[in-house]
Engineer: 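A single structure is presented below for examination.
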There are 2 protein chains.
Amino acid sequence: MSGVREQKKLETQQAIQAAAVKLFSEKSFENTSIEDIAKEAGIGKTTVYGYFATKNDIFISYCDEELDHAFMQLQSTDSAEKPICDLLVDFFMIKFTFVTKNQEFGRQMLREMVFPCEVNEKAKVHDQRYFDILEGFFNAAQERNEISQEHELFNLSVHFFSLYLGLLAGWYTGYLNSLPEAEEAMRILFRQAIGGIQ
Amino acid sequence: MSGVREQKKLETQQAIQAAAVKLFSEKSFENTSIEDIAKEAGIGKTTVYGYFATKNDIFISYCDEELDHAFMQLQSTDSAEKPICDLLVDFFMIKFTFVTKNQEFGRQMLREMVFPCEVNEKAKVHDQRYFDILEGFFNAAQERNEISQEHELFNLSVHFFSLYLGLLAGWYTGYLNSLPEAEEAMRILFRQAIGGIQ
DNA sequence: TTAAAATCTCGAACTCGTTCGAGATTTATT
DNA sequence: AATAAATCTCGAACGAGTTCGAGATTTTAA
């Protein structure tokens, strides 16, 4: 009977993850201690470290779950026949709204995702999914001749993603204070990008 | 004889700041404890808290000093008769080089500056100085008709600053691995922004 | 079946950021 | 000059993340 240990390990792992999701949502990252998580998961505090190297790692796996949920919402972006600018604004405003919904959670997550301590393969997979969607948008826009063929899809995606990042920075540094304000700023920047500044 | 206390307070403040600069440079933020700083400054660990509310605050004041130095270098950007694209690349590559010179320091600083815990007036002053320079560039470019008058200087600055941020994110998430690579990517994005993508 | 190896668990302890509280020093008041 | 008020300092202690080490459990090998 091999695999008892493996089975238990999986269960414990999931128990920790579930406890973290629950407590981070109820209280928040800062207000949840490792001991809280351990207690909720029914194990000793030290045992947690057999599964996650640091408290931050638990947070990152929590982010992964949250992002998965958010991704569902995103996929339903109605990519019908809208002009590319509107489409992009819709797309990024969903992300923006999600990430700034909870100021603290968003900040913490962005710090980890945008300026991570070490290259994180899992995050790259996430990014790739978003970029796939974006590239789909641009590809369609190129085919209907709304935008030029001369730019690579990846570079286009990076461009708009960067503008999105800049807006988030503006939010967290206090330049933007409401969603409509953010959307207006986003529209201005996106139009600049599309039309050029020459 | 009034002011003995004030005098001492100033000295202590400077001693802490100097100790922090020294130790953060030698070891790094994480590897420097408050106690280390206190010892170096010749005071008790608790006393530090009379001057800075948190360890992070010490780091932020350290950043301010570093950024001041970096700013000097920046001002000397030769804004002669270069095309705006080259000028912007030069400008932002100085910033990029500075901030990524020490991977860990840069990451920590960017986290604080881009996604700060609370709105930080001092950081805004810094940003303003950079934006002033950028707006100067754009203004000159508009006057020699290199770029259109229709965009506000501020929005233009935000646009390129955002692209710069996106590149830093690319650096820290492992998409960019060398300065020449970063510069090439920057040039591509900047050209996209200038020429538009239509 | 059994002994050795590998792995898992958790109480105790360590580190470091931060707060408390009480005594020391300076300033203000008369 | 003397005393009260304000401020500064730092040893002690607390809280939370993390590591140590030793015993318990499971796997492997014979």
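In the text below, chain A, chain B and the rest are named by the order of the sequence lines, each starting its count at 1.
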Engineer: Just the rounded figure in Å: distance from C1' of C:dT15 to CG of B:Asp36.
Structural biologist: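 Atom CG in B:Asp36 sits about 12 Å away from atom C1' in C:dT15.
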Engineer: State whether B:Tyr51 places a side-chain N or O below 4.0 Å from either non-bridging phosphate oxygen (OP1 or OP2) of D:dT9.
Structural biologist: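 For B:Tyr51, the contact criterion (side-chain N or O under 4.0 Å from OP1 or OP2 of D:dT9) is met.
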Engineer: Hey, does A:Ser33 reach any base, or is it just sugar-phosphate, or nothing, if we go heavy atoms under 4.0 Å?
Structural biologist: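 It contacts sugar-phosphate atoms only.
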Engineer: May I ask you to establish whether A:Arg107 and A:Tyr172 are in a cation-pi arrangement, using a distance under 6.0 Å from NZ or CZ to the six-membered ring centre and at most 45° from the ring axis?
Structural biologist: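 A:Arg107 over A:Tyr172 ring: no.
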Engineer: If you look at every strand shown and take non-hydrogen atoms under 4.0 Å, does A:Lys45 touch a base, only sugar-phosphate, or nothing?
Structural biologist: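 Base, at least one base heavy atom under 4.0 Å.
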Engineer: Between C1' on C:dT18 and CG on B:Asn56, what's the gap in Å once rounded to a whole number?
Structural biologist: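 Checked: the CG to C1' distance equals 13 Å.
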Engineer: Taking atom C1' of C:dG17 as reference, at what distance in whole Å does atom NZ of B:Lys39 sit?
Structural biologist: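 Distance check: B:Lys39 NZ to C:dG17 C1' gives 15 Å.
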Engineer: Name the closest nucleotide to the B:Thr46 side chain, picking from D:dG17, D:dT9, C:dT19.
Structural biologist: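 So the nucleotide nearest the side chain must be C:dT19.
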Engineer: State whether B:Lys8 places a side-chain N or O below 4.0 Å from either non-bridging phosphate oxygen (OP1 or OP2) of D:dC8.
Structural biologist: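 No, because none of the side-chain N or O atoms of B:Lys8 sits under 4.0 Å from OP1 or OP2 of D:dC8.
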Engineer: Centroid separation under 6.0 Å, is that true for the rings of B:Phe105 and B:Tyr62?
Structural biologist: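 Under 6.0 Å, so yes.
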Engineer: Rounded off to whole Å, could you give me the CD-to-C1' distance for the A:Glu35 and C:dG11 pair?
Structural biologist: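 Spelled out: CD on A:Glu35 to C1' on C:dG11 is 11 Å.
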Engineer: Please work out which of the three classes, parallel, tilted or perpendicular, describes the rings of B:Phe160 and B:Phe138, given edges at 30° and 60°.
Structural biologist: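 Correct class here is tilted.
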Engineer: Indicate the ring-plane relationship of A:Trp171 and A:Phe96, choosing parallel, tilted or perpendicular according to the 30° and 60° boundaries.
Structural biologist: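 Aromatic pair A:Trp171/A:Phe96 classed perpendicular.
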Engineer: Let me know, please, whether A:Ile43 or B:Phe29 comes out on the 5' side of the other along DNA chain C by nearest nucleotide.
Structural biologist: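 Nearest nucleotide further toward 5': that of A:Ile43.
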Engineer: Taking only the side-chain heavy atoms of B:Lys55 (C-beta and beyond), determine which of C:dT18, C:dT26, D:dG11 contains the nearest atom.
Structural biologist: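 Between C:dT18, C:dT26, D:dG11, the one nearest the side chain of B:Lys55 would be C:dT18.
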Engineer: Taking the six-membered ring of B:Phe29, is NZ or CZ of B:Lys55 closer than 6.0 Å to its centre and within 45° of its axis?
Structural biologist: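 Positive - B:Lys55 is close enough to the ring of B:Phe29 and near enough to its axis.
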Engineer: Write down the distance between CD (A:Glu30) and P (D:dG15), rounded to a whole number of angstrom.
Structural biologist: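 Atom-to-atom, A:Glu30 to D:dG15, this comes out as 18 Å.
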Engineer: Roughly, in whole Å, what's the span from OH in B:Tyr49 to P in D:dA12?
Structural biologist: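 These atoms are roughly 18 Å apart.
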Engineer: From the list C:dT25, C:dC8, C:dT18, which nucleotide is the closest neighbour of the side chain of B:Arg5?
Structural biologist: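 Closest of the options to the side chain of B:Arg5: C:dT25.
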Engineer: For A:Lys9 and D:dT27, what is the distance between atoms NZ and P respectively, to the nearest whole Å?
Structural biologist: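 In whole Å, D:dT27 P and A:Lys9 NZ are 13 Å from each other.
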Engineer: Would you kindly give the NZ-to-C1' distance between A:Lys27 and D:dA16, to the nearest whole Å?
Structural biologist: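 From A:Lys27 NZ to D:dA16 C1': 12 Å.
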